[in-house]
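Keep in mind that the numbers below use all heavy atoms, side chains included, and drop hydrogens, waters and symmetry copies. We number each residue from 1, following the sequence as shown. Just so you know, ligand 1 is whichever comes first in the structure, and atom 1 is the first atom listed for that ligand.
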Amino acid sequence: MENRVIIGGQWGDEGKGKVVDALSEGVDWVIRYQGGANAGHTIYIGEDKHVLHLIPSGILRPGTKCLLGGGMVIDPWSLRDEILALEQRGVEVRPHLMISANAQMLLPYHQRLDELREERLKRQCIGTTGRGIGPAYLDKVQRTGLRMGDLRLPLENLERKCIEKVLSANELLSEFYQADPLPSRVLAGELVDLARFFAPMVVDPYTALRPVREGRESALFEGAQGTLLDIDHGTYPYVTSSNCTVGGVLTGTGLPPQVLGDINGIFKAYLTRVGNGPFPTELLGEQGEALREAGGEFGATTGRARRCGWFDLLGARYAVDINGMTGVVITKLDVLDGMPAVKVATAYDLDGETVEAFPVGSGRLSRCRPVYTEFPGWEKPTGDCRALTDLPAAARKYLEFLEDRLGTLIIGVSVGRRRDQVIWTPTGVTA
Ligand code: GDP
Ligand code: IMO
Ligand code: MG
């Protein structure tokens with residue numbers, strides 16, 4: 001079985017969880033490689049809704065091995081809660097879950113610093129998920145963080161290290177932010193308990209992933225966030241703090257590029273964004289509201305209303321190109337059912353000039369005005385369509401246009417939140 005990377009092609013929430021779930025049958029490993037509990041991946045098994053933040057979506061396929069890769073930032077408190085909540089719902093988690101020793105540990109002060117920093121930035125804030133992601137990656141690059149492998153230290157050493165970290169963070173909290181310090185001894189005591197809980201799950205990724213590296217076992221790599229939120233290639237500074245693009249798979253797992261296999265991008269049939277930053281095709285007012293209602297566009301992690309707008313071909317083509325996507329899946333086509341017309345941005349007007357390549361960096365992007373190509377809408381609901389020929393002609397036209405302009409095959413079209421609501425189109429959507 002060919003390996004596969006699943007990457008968000010937009011600003012996150014494209015339906016990666018749903019697609020990973022649909023594609024993970026028979027796959028040996030599902031691996032997260034970056035990000036943390038800022039992710040919220042929603043999966044419906046029948047009418048049962050699961051929202052996963054840290055645990056790979058493969059956990060819902062019995063027997064699938066799941067790895068939290070070294071490129072992630074992991075809050076052990078949240079991870080334990082997520083494991084226990086799933087187990088309470090009858091999902092077998094611990095026998096299949098592994099955590100790379102290289103992953104950064106996200107501690108409560110990271111979350112506190114994230115909140116305080118955002119408060120201080122006021123209107124210029126990023127609009128983070130408040131999960132401590134930025135401060136945890138900051139500790140990583142300044143080489144002061146703990147790693148999940150530290151949970152295997154003699155417990156008195158772990159306790160001492162945790163106290164040191166919290167005391168040092170407390171200086172920043174009280175001196176710079178005039179905030180209350182965190183209780184270092186209490187947290188260190190809790191971390192010691194967590195170390196006992198996690199010790200059997202922490203693995204050396206070089207050894208654990210040997211069967212994948214040698215091609216004996218198959219892997220699906222589950223991206224979090226999306227290309228336009230990538231720390232290097234996204235709409236900086238309105239981005240997250242990890243590499244959500246394809247390079248993140250390599251650095252976040254330690255596997256070589258030959259192992260990656262297909263690179264599949266996930267795109268909604270329209271566009272959403274949570275948090276701040278430029279969004280040229282954003283629909284304010286009633287039209288945006290209509291998309292938000294139809295698509296249930298409220299954050300899976302924070303519950304925030306997602307900003308909604310039309311599909312942006314410039315951003316999407318950029319995502320296809322920089323990730324080398326070998327195929328894409330279009331999700332939530334059904335959300336456009338009944339819209340009188342569907343629009344796609346095919347160019348921007350930037351200070352009076354026509355721009356056709358996505359302007360990297362958010363400065364220029366915020367001055368771009370979309371130039372739209374408009375398509376007639378369709379009335380017939382698409383949720384029960386299981387073949388391209390079941391789709392209304394206008395919906396097929398829209399997909400064919402996207403496929404042509406993206407320059408890569410649309411290999412699947414999702415028409416509902418359930419596992420079975422996908423039309424697989426391995427040879428594309430164009431007749
Ligand atoms: P992720 O972060 O990329 O995994 O996406 P989220 O789970 O945050 O958001 C996607 C939302 O859309 C979830 O509520 C999914 O249940 C839902 N969803 C996924 N695919 C489809 C689809 O094709 N149609 C509809 N109507 N909902 C979908
Ligand atoms: P999934 O995996 C959508 C956004 C936040 C904010 C910016 C930085 O579910 O697609 P952070 O907390 O990472 O420092 O926030 O990134 N963001 C997401 N938006 N989906 C996500 O994940 C996101 N993870 C982070 O809203 O704008
Ligand atoms: Mg999400």
Side-chain angles (χ1 to χ4, degrees), residues 6-22 32 34-45 48-54 56-57 72-73 106 110-111 113-115 117-118 125-138 222-231 234-242 244 265-279 291 293-307 329-337 362 381-383 385 412-423:
I6 297 295
I7 294 182
Q10 298 163 323
W11 277 298
D13 302 327
E14 299 89 349
K16 298 174 293 292
K18 186 216 148 139
V19 175
V20 168
D21 174 64
R32 277 274 310 265
Q34 43 70 233
N38 47 350
H41 296 178
T42 314
I43 294 146
Y44 281 85
I45 314 264
D48 274 348
K49 178 181 180 181
H50 298 273
V51 182
L52 298 167
H53 298 286
L54 287 161
S57 300
M72 291 183 72
V73 288
L106 189 151
H110 292 124
Q111 191 165 357
L113 289 169
D114 190 3
E115 290 164 358
R117 189 171 170 278
E118 288 278 281
C125 70
I126 305 289
T128 71
T129 59
R131 294 294 186 273
I133 304 300
Y137 278 112
L138 183 61
E222 176 176 356
Q225 291 79 54
T227 298
L228 303 181
L229 287 171
D230 183 281
I231 180 74
T235 49
Y236 190 89
Y238 298 101
V239 293
T240 189
S241 302
S242 67
C244 327
I266 315 300
F267 295 84
K268 268 181 215 185
Y270 50 100
L271 188 54
T272 63
R273 172 164 209 169
V274 200
N276 297 328
F279 181 174
L291 264 180
E293 283 305 315
E297 296 296 354
F298 297 90
T301 296
T302 58
R304 288 180 290 178
R306 294 174 180 154
R307 300 159 64 192
V329 176
I330 303 293
T331 62
K332 304 189 92 162
L333 183 73
D334 56 296
V335 173
L336 300 179
D337 296 350
S362 66
T382 55
C385 298
V413 181
S414 175
V415 291
R417 61 195 193 184
R418 288 198 320 270
R419 225 178 224 180
D420 63 301
Q421 288 180 298
V422 191
I423 304 171

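- Looking at ligand 2, you won't find any N or O of N276 less than 3.5 Å from one of its N or O atoms.
- Residue contacts with ligand 2 include R304, since one of its heavy atoms falls under 4.0 Å from the ligand.
- D13 contributes atom OD1 as its closest N/O/S atom to the Mg ion (ligand 3).
- In this structure, R417 is positioned above the aromatic face of Y44, its NZ or CZ under 6.0 Å from the six-membered ring centre and within 45° of the axis.
- Of all protein heavy atoms, the one closest to atom 13 (C) of ligand 1 is T42 CB, 3.6 Å.
- With no hydrogens or angles considered, a side-chain donor-acceptor pair links R304 and T302 at under 3.5 Å.
- Between G40 and ligand 2, a contact under 3.5 Å exists for at least one N or O pair.
- Proximity to S414 (heavy-atom distance under 4.0 Å) selects the following atoms of ligand 1: 20 (N), 21 (C), 22 (C), 23 (O).
- Taking backbone and side chain together, G40 holds an N, O or S atom under 2.8 Å from the Mg ion (ligand 3).
- Between the side chains of Q225 and T240, not a single donor N or O lies within less than 3.5 Å of an accepting N or O.
- Paired with D13 under the rule salt bridge (Lys or Arg N to Asp or Glu O under 4.0 Å), one option of K332, R306, R307 passes, and it is R306.
- For K16, every heavy-atom contact with ligand 2 shorter than 4.0 Å involves the side chain, none the backbone.
- Ligand 2 does not have R131 within reach: every non-hydrogen atom of the residue lies 4.0 Å or more from it.
- Close N/O approach between Y44 and ligand 1 is not found [any backbone or side-chain N/O within under 3.5 Å].
- Note: an N/O pair closer than 3.5 Å links G17 and ligand 1 by distance alone.
- Near G275, with a cut-off below 4.0 Å to any heavy atom, the atoms of ligand 2 are 27 (O).
- Remark: ligand 1 and G40 share an N or O pair separated by less than 3.5 Å (distance only, no angle test).
- Side-chain contact annotation: T331 with K18, donor-acceptor N/O pair under 3.5 Å absent.
- Polar contact with ligand 1: absent for T331 (N/O pair, distance under 3.5 Å).
- Within the 4.0 Å heavy-atom criterion, the part of V239 lying near ligand 2 is the backbone and not the side chain.
- Atom 10 (C) of ligand 1 has as its closest protein heavy atom D13 O, 3.8 Å.
- Residue T128 has no nitrogen or oxygen atom sitting less than 3.5 Å from a nitrogen or oxygen atom of ligand 2, judged on distance alone.
- Taking every non-hydrogen atom of G15 and a distance limit under 4.0 Å, the qualifying atoms of ligand 1 come out as 1 (P), 3 (O), 4 (O), 5 (O).
- Ligand-side atoms of ligand 2 in range of W11: 3 (C), 19 (N), range being under 4.0 angstrom from any heavy atom.
- Checking only distances, S241 never comes within under 3.5 Å of ligand 2, N or O to N or O.
- No N or O atom of V335 sits closer than 3.5 Å to an N or O atom of ligand 1.
- For S57 and D21, the side-chain atoms include no donor-acceptor pair closer than 3.5 Å.
- Around atom CZ of R117, no more than 12 heavy atoms belonging to other residues, nucleotides or ligands sit under 6.0 Å away.
- Counting protein heavy atoms only, atom 22 (C) of ligand 1 is closest to G416 O, 3.2 Å.
- With a 4.5 Å cut-off on side-chain heavy atoms, I7 and T227 count as touching.
- The only option from V274, T272, T235 that meets the side chain to side chain contact (heavy atoms under 4.5 Å, CB included) definition with W11 turns out to be T235.
- With a heavy-atom cut-off of 4.0 Å, I43 does not touch ligand 1 at all.
- Which parts of ligand 1 touch H41 is read off a 4.0 Å heavy-atom cut-off, strictly below it: atoms 1 (P), 2 (O), 4 (O), 7 (O).
- Below 3.5 Å of separation, one finds no N or O of K18 facing any N or O of ligand 1.
- With distances taken over non-hydrogen atoms, the option nearest atom 6 (C) of ligand 2 out of G36, G35, G127, G17 is G127.
- In this structure, of T235, T272, V73, L229, the residue bringing a heavy atom nearest to atom 18 (C) of ligand 2 is L229.
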